[in-house]
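Scroll down for the structure; my scribbles are underneath it.
Quick caveat, the model's predicted, so the values are computed rather than measured. Chain letters run A, B, ... following the sequence lines, proteins first, then strands; residues in each count from 1. Quick note: numbers below take in every heavy atom, side chains included, and nothing from hydrogens, waters or symmetry partners.
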Amino acid sequence: MAEIPKTPLLDELEKGPWPSFVKEIKKAAEKNDMAKGLLGQLETSYREKIGHWKHGGIVGVMGYGGGVIGRYSDLADKFPDVAHFHTMRVNHPAGWFYTSEALRKLCDIWDEHGSGLTNMHGSTGDIIFLGTTTDQLEPIFAKLTEAGFDLGGSGSDVRTPSCCVGQARCEWACYDTMALTYDLTMTYQDELHRPAFPYKYKFKCSGCPIDCVASIARADMSIIGTWKDDIQVDAGEVKKYADGGLNIDKLVCANCPTKCMDWNGKTLAIDNSNCVKCMHCIRVMPKALRPGKERGATILLGSKAPIVEGALLSSVLVPFMEMKPPYQELKDLVEKIWDFWGEYGKNRERVGELIQRVGLGNFLEAIGLEPRPEMIRRETETPHGHWAAALPEAFAAGDQEELRRVEIS
Amino acid sequence: MAEIPKTPLLDELEKGPWPSFVKEIKKAAEKNDMAKGLLGQLETSYREKIGHWKHGGIVGVMGYGGGVIGRYSDLADKFPDVAHFHTMRVNHPAGWFYTSEALRKLCDIWDEHGSGLTNMHGSTGDIIFLGTTTDQLEPIFAKLTEAGFDLGGSGSDVRTPSCCVGQARCEWACYDTMALTYDLTMTYQDELHRPAFPYKYKFKCSGCPIDCVASIARADMSIIGTWKDDIQVDAGEVKKYADGGLNIDKLVCANCPTKCMDWNGKTLAIDNSNCVKCMHCIRVMPKALRPGKERGATILLGSKAPIVEGALLSSVLVPFMEMKPPYQELKDLVEKIWDFWGEYGKNRERVGELIQRVGLGNFLEAIGLEPRPEMIRRETETPHGHWAAALPEAFAAGDQEELRRVEIS
Amino acid sequence: MIKKNYGAWKYHEILSAGVMVHVAESGDKVFTVRAGSPRLVSTQTIRKFAEIADKHCGGFMRFTSRHNAEFMVTEESKVKPLVAELESAGFPVGGLGNAITSIIHTQGWVHCHSAATDASGIVKCVMDDLFEYFKTTELPGKIRIALACCLNMCGAVHCSDIAILGIHRRPPKILDASLKRLCEIPNVVASCPTAAIRPATKDGVPTVEIDENLCMFCANCFTVCPALPINDPLNDGVSIWVGGKVSNAMSEPRFSKLAVPFLPNNPPRWPEVVAAVRNIVEVWAKNARPFERIGDFIERIGWPRFFQMTGIEFTKQHIDDFKHAGLTYKRSTQLRHG
Amino acid sequence: MIKKNYGAWKYHEILSAGVMVHVAESGDKVFTVRAGSPRLVSTQTIRKFAEIADKHCGGFMRFTSRHNAEFMVTEESKVKPLVAELESAGFPVGGLGNAITSIIHTQGWVHCHSAATDASGIVKCVMDDLFEYFKTTELPGKIRIALACCLNMCGAVHCSDIAILGIHRRPPKILDASLKRLCEIPNVVASCPTAAIRPATKDGVPTVEIDENLCMFCANCFTVCPALPINDPLNDGVSIWVGGKVSNAMSEPRFSKLAVPFLPNNPPRWPEVVAAVRNIVEVWAKNARPFERIGDFIERIGWPRFFQMTGIEFTKQHIDDFKHAGLTYKRSTQLRHG
Ligand code: SRM
Ligand code: SRM
Ligand code: SRM
Ligand code: SRM
Ligand code: SF4
Ligand code: SF4
Ligand code: SF4
Ligand code: SF4
Ligand code: SF4
Ligand code: SF4
Ligand code: SF4
Ligand code: SF4
């Protein structure tokens, strides 16, 4: 085995209280040459202030179109151990819950066939196996399958759905995020493994409007729990908060976005018809207030990073949908969207960009949804776009011709 | 003289409590044939639900490029009296103040040479002489000049500047709007009468942020009074309002857009450093509160109607400028803007559209103003536009070439 | 009096519908009486104004930025006779304070070739109907109505509490025979904001063609070229926009938004337009909090509720499809349910 | 325990830095201990986590959506030994409640070909520096920091309280010789959001040319074509964005806005970036009201004041020039003066 290279710059990153990724690479390097190679190449990057990875070629496992990111060094002669350094994306268990057994199994596989380095987890949520060679892909895949794991997505397919901890440990979860995430992952196996879309498609499930999985910012489809009826109030606990010194007027009511709460020093009145389920009052007084009982989710569409047409947040498609297995209403909607996107989406056009290009009105028509004012944030409108919109669909042409009198001399 | 035509439809508009324009046309028709023709043609429009005016040709008075709108009927055979029916735009006195003498003088001229119908006033603010023939234009113009009146703008020129009543009768006016309007009208006589711009250019002057002349919505340059120092407070009068039953907490403080006011039941505290001069508190308690003493105006640019690039509100160019004769700073700014617009503006491109096309940053550079955060409303930003903006002006190319290591195999 | 106290006014008070007083630092007072005017006035009427000014106001008067007539007197005792004279001459006194004042408007069929509807006629009908609100000072706040007879929007209606806007709904007709003679084809092509117009040749004559799917009926091409008439008795009509404002008081200036995509031209009394405006005014008058303009009110209750309360149907037409449209999609879960 | 009370949790309380308890309807309690992780972890470390889970938590653990490790116990007495063991193994306990938690980040020079900066390195330096805030629960509210090493933004940083974003500042280099072989020219041309790329022929070989004035250095062309390398040691670096958020609590989700247009890549400790982040955190920590995220705080005081308080210079780079830019111009007189 080669020696661990000298890394004076990286060594600086072993200092300080936050856990050090350099220490982690060094740990792996104690037993793995690829990790040594990575240390050497990364030190070079630190010295030269530039990355040394080349564009990936297409690598993968049989029958799957996604799940592996090919990666090659441009300093292969200096660091032959990382000449090939592909990552594998492994679909994580919903909510990122593990048994120690499962963790050890993953380690065994990866110690045998890869660099011994991982990300727990990648930004999309996968377990990232960081660095291996092409010949190891199939053996790894076989052992993962055996251990009950599967690959995640990459390329133009469904990406590994992810969710917040939800009902497993959160009192605010308005539906079972982990169950839905598992169901979507299973239902859309084909779409996950065989890239056939115009571009990637991400699902993220949050149990309530707090959105602990940042679904509204980074999922093509954001499924965010909410409720329809009244906030559940425990008046006794409200009083305890007040007695405990909480300034309910200033910290709760005045911060309510619709000013629909009123505290008269004794009772808390909520005009639930104007509550927009922002969760603020509930998070300030979790013992006293809870989401209502008629629960479901808001379905939003289209968030993404800035390339090409600008960063997007997801926008409201269905203000409220029940979230009960088998989630048929949701799946019907998903499939209608995919049909339309598959037919009209341009190469590398995310669904959010498509909607902007064809217009939300036309998109709704195509997928068979009624337009609703909840879909629109009118503060940002300028009174121009509507000239076209102000046109009722179709008019019988013809008869007006006669009436027309404008003659140009 | 012809008979007054039968107008059964228009007659319906003589009913009801609001003063009737039909009665006005009939009054004029008692002594004027053009007004009779107008009645007849308008009745036809009411019957057929369509206008009967044709595009105007170019008509005007000697030496002037603007001020007259040519208008011809497409029913000239039926209504020969309005075959030609041009309007003249007459520059109004600042603040629309008249002596009875001036009014009678205008009537005399118009009764002699036109239809006897006017708009007091047009939307831009002009006195509109509604309906005359080409041969009457020069005599009217001569008599107007003699009476101390001048034509207003039309076409691609400066339009008649207008202003709110300002210091003449309003306690909130932060500068003398009437004086500025008069000064601008006089200074830019040439630009008003001889269209040489890419398109129209409107000035509107409001004495304070209440903006009673709707300057921010419909002027290429909006000059809106404001102040820099503290709101003047008469504590005694505040108390009187409170004693009189005004809920200061709810109606004043809670409506302050920056929540920078605090009423403890006795005194009103204002954090003036966070006051955005919205005028709300002042308009609720005009006896107690007044704008500060260090007064001037905010200069905003670019509002317009929707055609072509979308409706615009004016946007902040100079957050605060002193407004004292001879208004040199303002005029220097105006002229720099005109220079740039004249050179780079496309045909029929308003200055607000030009700024959007070239970008505010470049526009500022061109007219020599520093960028300031006051110019920007960041709530509406998406994090895309900045990729380009994030680029410092210029880099020495060259030296980096050597360091580049990315080689494609 | 005005000259003497120029720039030295101290405060004002609204005394009754159409009457206010300004008090100067010097203690001087000026009483203003505001009277409605049809804006389109004959010289007879102007002479009448002059006569009243002479009789009551030392020969002075002014007009407001919304085309009302204002008469000023310096003693309270002179207010009553002045009001009486104005009313009896047919000029109702009002429109001051928290009231509905005159409707800003444009030419319509009276003088413009572009008009998709009449201006003065609708204004007359709506003001007749809302007259009670001209005569009050008790509304939650001010309310500004404006009308423009085509998208050129000479009334600058785009920031009004309620905007009445004439619209076309068919592409222009192309008068192939006269087009080349009357218009510069490159200018015509360039005038179209949606690039719907292309040069073409028909029967050997140069003309243009219009892609009907792209045309948004803005009439900008007609403005530059008379051979593209767009007026159309069947399909022209009126749309209604709400929630705009100009003043910076409390909230920032904002654009009006589409409420009713289309109402027919139904002269002489436009009952559909009158009813639609009244409906919106009443929902606001009953439910708004003090100082809330229509837009502030809607901002607080949310657009979905506004549609619910007014019974106006939300349709595809309400969804913006201009190039900034994406910014108008609702990108949060802050929604009212049930 | 979690299975038993699944969907039947009643409330939670934050007990100390990194420790909270959830109480179920049944009265059962679960105590969660959150520990920081470098995300890039060796199998040794994962085995260590498994060992701790076995020893303290019946063999279970989880990771959070921000890559922290969470360990759950059902008795309060078990919390202290668990915390002690995690700390001694080098995994600091904290990041819960009103604290700074781990920085979401991406690959950087560790694994990506696109990176304009390193990811893990900057994150380590910033977290070392802000460590006191990981160990507290006393900040005005939550603060979320994220880093992405290029505009692809795999960290989805665009809605973060503070976003650290790697940027390029030069157009791609064109490797004419290999371009035709490696890339589909029409795809390359189509990939450019600003239409800066045109097909061209050099020395008889088909290639592309790039209009340097149009290029905004987004690297999208490089993503589709390896023959357009854009990485550049001199001109690559970091920009800083502030005020974004994701949650719907109080205010709606919003994008981060540009604060610092450029800071150099200065490995191994990136002192300029560390100082810039700390400065922003401190201005917020000292001046924000309870529950105000950075964006809420700035919204209240206004951007001009934010620039003043942080001493960050406002430059032309801060003015948006993308196609929606007009919507970002301030269109009211609501300004703070003096
Ligand atoms: C590994 C990971 C970053 C990480 O360190 O965690 C990653 C890494 C890459 N992303 Fe990503 N993305 C990762 C999550 C994301 C996310 C976040 C998310 O999914 O929540 C985003 C933003 C959300 C979104 O989808 O918009 C994201 C937006 C992109 C984009 C821009 C897509 C767009 O529409 O704007 C690209 C460019 C592309 O697709 O060509 C991209 C492309 C890439 C590529 C494949 C580089 C490329 O241009 O081909 C990167 C490979 C790096 C490598 O060598 O390993 N990656 N990428 C994340 C996946 C791990 C996982 O599966 O768990
Ligand atoms: C008379 C008047 C309406 C009225 O009844 O009051 C008017 C009438 C016309 N306007 Fe206007 N505009 C009038 C004030 C306005 C205003 C309001 C203002 O100035 O405060 C606007 C909106 C603000 C603005 O400038 O954007 C306005 C925006 C337009 C536009 C659209 C310009 C744009 O950039 O979007 C056009 C179209 C054009 O210029 O070709 C236009 C064009 C026209 C034309 C000349 C029609 C045309 O296409 O050639 C109209 C002639 C009507 C006629 O036959 O008399 N008019 N026009 C107003 C002028 C009277 C006066 O001088 O006092
Ligand atoms: C006379 C006039 C100025 C002029 O030079 O002609 C004027 C005069 C006054 N305005 Fe105004 N405004 C006048 C047009 C406007 C306009 C412009 C417009 O409507 O096109 C606006 C902006 C409207 C908008 O925001 O869309 C305007 C928005 C206000 C406001 C703000 C109302 C709000 O809630 O936003 C106030 C303050 C208030 O009333 O609370 C105000 C207050 C005032 C005061 C009290 C100012 C003062 O101290 O003298 C004046 C009498 C009040 C009244 O009418 O109730 N004035 N005022 C205009 C009368 C028009 C008319 O005949 O009705
Ligand atoms: C464990 C985790 C969910 C998971 O499935 O992994 C989680 C768990 C909880 N979140 Fe969260 N949030 C988690 C990521 C998020 C995210 C996503 C992110 O940061 O990328 C957000 C959105 C951030 C944003 O808006 O930009 C998030 C915004 C919140 C908020 C809203 C804070 C705000 O002022 O906007 C609350 C409520 C609060 O704390 O007041 C909250 C509250 C909670 C509660 C109290 C919910 C509960 O009753 O159990 C949980 C513990 C609180 C804590 O961390 O202080 N959680 N939380 C995530 C822990 C991440 C970490 O390791 O630090
Ligand atoms: S998103 Fe809501 S339900 Fe999910 S963990 Fe966060 S607070 Fe709980
Ligand atoms: S959830 Fe939000 S909107 Fe609803 S009452 Fe509570 S604070 Fe107000
Ligand atoms: S804009 Fe201001 S100064 Fe002018 S009249 Fe209106 S309130 Fe008075
Ligand atoms: S003027 Fe407006 S911002 Fe200033 S203190 Fe008064 S209400 Fe607040
Ligand atoms: S709005 Fe249109 S139709 Fe009406 S006057 Fe102006 S240009 Fe003519
Ligand atoms: S009406 Fe407007 S959109 Fe239609 S062709 Fe003419 S200019 Fe183009
Ligand atoms: S942000 Fe860019 S450089 Fe970083 S991992 Fe993603 S694609 Fe690679
Ligand atoms: S870096 Fe982006 S803007 Fe520049 S040429 Fe490539 S794709 Fe176009």
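Both the backbone and the side chain of V110(D) come within less than 4.5 Å of a heavy atom in chain A. For a residue to count as touching a neighbouring chain, one of its non-hydrogen atoms must lie under 4.5 Å from one of that chain's; by this rule R348(A) touches chain D with the side chain only. For a residue to count as touching a neighbouring chain, one of its non-hydrogen atoms must lie under 4.5 Å from one of that chain's; by this rule F131(D) touches chain A with the side chain only. Residue N152(D) touches chain A through both its backbone and its side chain, counting heavy-atom pairs closer than 4.5 Å. Neither the backbone nor the side chain of T117(D) comes within contact range of chain A, judged by heavy atoms closer than 4.5 Å. Using a 4.5 Å cut-off between heavy atoms, D108(A) contacts chain D through both its backbone and its side chain. Looking at L9(A), the atoms closer than 4.5 Å to chain D (heavy atoms on both sides) sit in the backbone and in the side chain alike. In this structure, no portion of E292(D) lies under 4.5 Å from any heavy atom of chain A. Heavy atoms of R283(A) lying under 4.5 Å from chain D belong exclusively to its side chain. The parts of H12(D) that come within reach of chain A are both its backbone and its side chain, each placing non-hydrogen atoms under 4.5 angstrom from that chain. Only the backbone of K304(A) comes within less than 4.5 Å of a heavy atom of chain D; no side-chain atom from C-beta onward does. When heavy atoms are compared at a cutoff of 4.5 Å, L13(A) approaches chain D by way of both its backbone and its side chain. Within the 4.5 angstrom heavy-atom criterion, no atom of S162(A) approaches chain D. No part of A173(A) comes within reach of chain D, as not one of its non-hydrogen atoms sits under 4.5 angstrom from that chain. Using a 4.5 Å cut-off between heavy atoms, L103(A) contacts chain D through both its backbone and its side chain. In this structure, chain A has a heavy atom under 4.5 Å from the backbone of C225(D), while its side chain stays farther away.
R289(D) and D296(D) are not joined by a salt bridge, as no carboxylate oxygen comes within less than 4.0 angstrom of a charged side-chain nitrogen. Electrostatic pairing of D111(A) and R104(A) does not count as a salt bridge here, judged by no charged N lying under 4.0 Å from a carboxylate O. Using a cut-off of 4.0 Å between Lys/Arg side-chain N and Asp/Glu carboxylate O, D128(D) and R269(D) are scored as salt-bridged. No salt bridge links K10(D) with D234(A); every basic N to acidic carboxylate O contact stays at or beyond 4.0 Å. Taking a cutoff of 4.0 Å between a charged side-chain nitrogen and a carboxylate oxygen, K135(D) and E87(D) qualify as a salt bridge.
Comparing G114(A), S73(A), A305(A), A217(A) by how many heavy-atom pairs each has under 4.5 Å with chain D, the most go to A217(A). Between chain A and the options T32(D), I104(D), T106(D), T194(D), heavy-atom pairs under 4.5 Å are most frequent for T32(D). Between chain D and the residues K26(A), M178(A), M279(A), the most heavy-atom pairs under 4.5 angstrom are made by M178(A). Looking only at heavy-atom pairs under 4.5 Å with chain A, the residue among M250(D), H22(D), M72(D) that has the most is M250(D). Of all the listed residues (P19(A), G95(A), C256(A), S123(A)), the one sharing the greatest number of non-hydrogen pairs under 4.5 Å with chain D is P19(A). Considering only heavy-atom pairs separated by less than 4.5 Å from chain D, the leading option among K346(A), R47(A), K27(A), H92(A) is K27(A). In terms of heavy-atom pairs under 4.5 Å with chain A, the best-connected choice from S114(D), S247(D), G90(D) is S247(D).
Between H121(A) and W96(A), the ring planes lie tilted relative to each other; the angle falls in the 30° to 60° range. Ring-plane geometry between H113(D) and H55(A) is classed as tilted, the angle between the planes lying from 30 to 60 degrees on a 0 to 90 degree scale. Note on ring orientation: taking the six-membered ring where Trp is involved, the planes of F49(D) and F63(D) are perpendicular (angle over 60°, cut-offs 30° and 60°). Ring pair F85(A)/H111(D) is tilted by interplanar angle, where 30° to 60° counts as tilted.
Annotation: side chain to side chain donor-acceptor pair (under 3.5 Å) contacts of Y11(D) (sequence neighbours excluded): none.
Residues W109(D) and Y46(A) place their aromatic rings such that the two centres sit under 6.0 Å apart. Remark: aromatic rings of W241(D) and F255(D) are distant, center separation not under 6.0 Å.
Partner K245(D) forms a side-chain hydrogen bond (donor to acceptor under 3.5 Å, both in side chains) with one of S251(D), S256(D), S160(D) and no other, that one being S251(D).
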